[in-house]
Amino acid sequence: MTIARDFFAQDAVRVARGLIGAELRVGGVGGRIVETEAYDAGDPASHSFAGVTKRNAAMFGPVGHAYVYRIYGLHWCLNFVCASEQPGSAVLIRAIEPLYELEVMRARRGGIADRLLCSGPGRLAQALGIDGAIDGSPLDQPPFALSEPAGPSPIVAGPRIGITKAPTTPWRFCLAGSRYLSKPS
DNA sequence: CGTAAGATATTCT
DNA sequence: GAATATCTTACGT
């Protein structure tokens with residue numbers, strides 16, 4: 001079942017939780033989402049906190065679109081734009097469980113272990129072929145394909161990773177027991 | 001096993 | 001100039 005655009009018209013934390021277990025494909029390549037982080041409007045750790053810039057313009061655009069940006073000068077990160085009351089919310093996709101077109105992902109990632117193919121934002125983006133060209137693209141049209149979770153998933157919440165602004169806010173969500181997380185359970 | 005360094009775009013001071 | 005929602009490689013235990 002495809003995820004409706006309305007799903008993203010709620011606060012980032014609910015979207016982040018709801019995405020765990022969903023299937024994501026980009027050009028047929030992808031798998032099951034096992035790790036997300038929420039970045040809400042007004043969150044000091046969010047790129048949207050300091051206002052609109054050229055880089056984060058997609059975050060203030062329509063709900064249900066992609067926000068893709070470069071981090072540390074060399075890695076890409078994939079986010080889904082959502083909204084609560086104020087614009088500027090997004091959910092960072094941190095890890096997926098590889099299921100479709102494994103050969104393509106292995107080739108893009110240099111033939112490393114399957115467990116490490118998509119276990120982190122930068123790795124995931126490289127494996128799926130994400131780059132700045134699809135920043136702002138709608139998630140309900142090709143090359144994107146999003147499907148609802150097959151059933152309820154056991155979810156573990158914890159503090160977000162790699163940030164310094166609000167490190168204790170428990171807005172990181174993982175599929176419990178998955179072997180494909182950026183950090184073991 | 002662990003810690004450390006390097007790559008380097010974009011934004012803010 | 002400094003910091004950042006990261007990953008890989010190199011080197012020391």
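Below, each value reflects all heavy atoms present in this structure, side chains not excepted, and no hydrogens, waters or symmetry copies. Labels below follow one simple rule: chain letters A, B, ... track the order of the sequence lines, proteins then strands, and each chain is numbered from 1.
For A/Tyr39 and C/dA5, the ring-to-base geometry satisfies the stacking test (centroid distance below 5.5 Å, interplanar angle below 30°).
The partner of C/dG1, taking Watson-Crick or G-U wobble pairs whose two distances both stay under 3.5 Å, is B/dC12.
B/dC12 atom P lies 8 Å from atom CG of A/Asn56, rounded to whole Å. With rounding to whole Å, A/Ile71 atom CD1 is found 11 Å from B/dT8 atom C1'. Following rounding to the nearest Å, A/Leu74 (CG) and C/dA3 (P) show an atom-to-atom distance of 19 Å.
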Exercise for review: Could you give me the CA-CA distance, side-chain angles and deciding distance for A/Glu35 and A/Ser182, then say whether side chain to side chain donor-acceptor pair (under 3.5 Å) is met?
Suggested key: CA-CA 8 Å; A/Glu35 185 175 353; A/Ser182 63; 2.9 Å; yes

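Between A/Ile3 and the choices A/Leu19, A/Leu139, A/Leu24, the side chain to side chain contact (heavy atoms under 4.5 Å, CB included) rule is met once, by A/Leu19.
More than 12 heavy atoms of other residues, nucleotides or ligands lie within 6.0 Å of CZ in A/Arg5, so this atom counts as buried by the packing criterion.
At the heavy-atom level, A/Lys165 lies nowhere under 4.0 Å from the strands shown. No contact: A/Arg160 has no heavy atom under 4.0 Å from any strand.
For A/Arg160 and A/Tyr39, the positive end sits near the middle of the six-membered ring, less than 6.0 Å away and at most 45° from its axis.
Here the separation of C/dA2 from B/dG6, taken at their P atoms, is 16 Å to the nearest Å.
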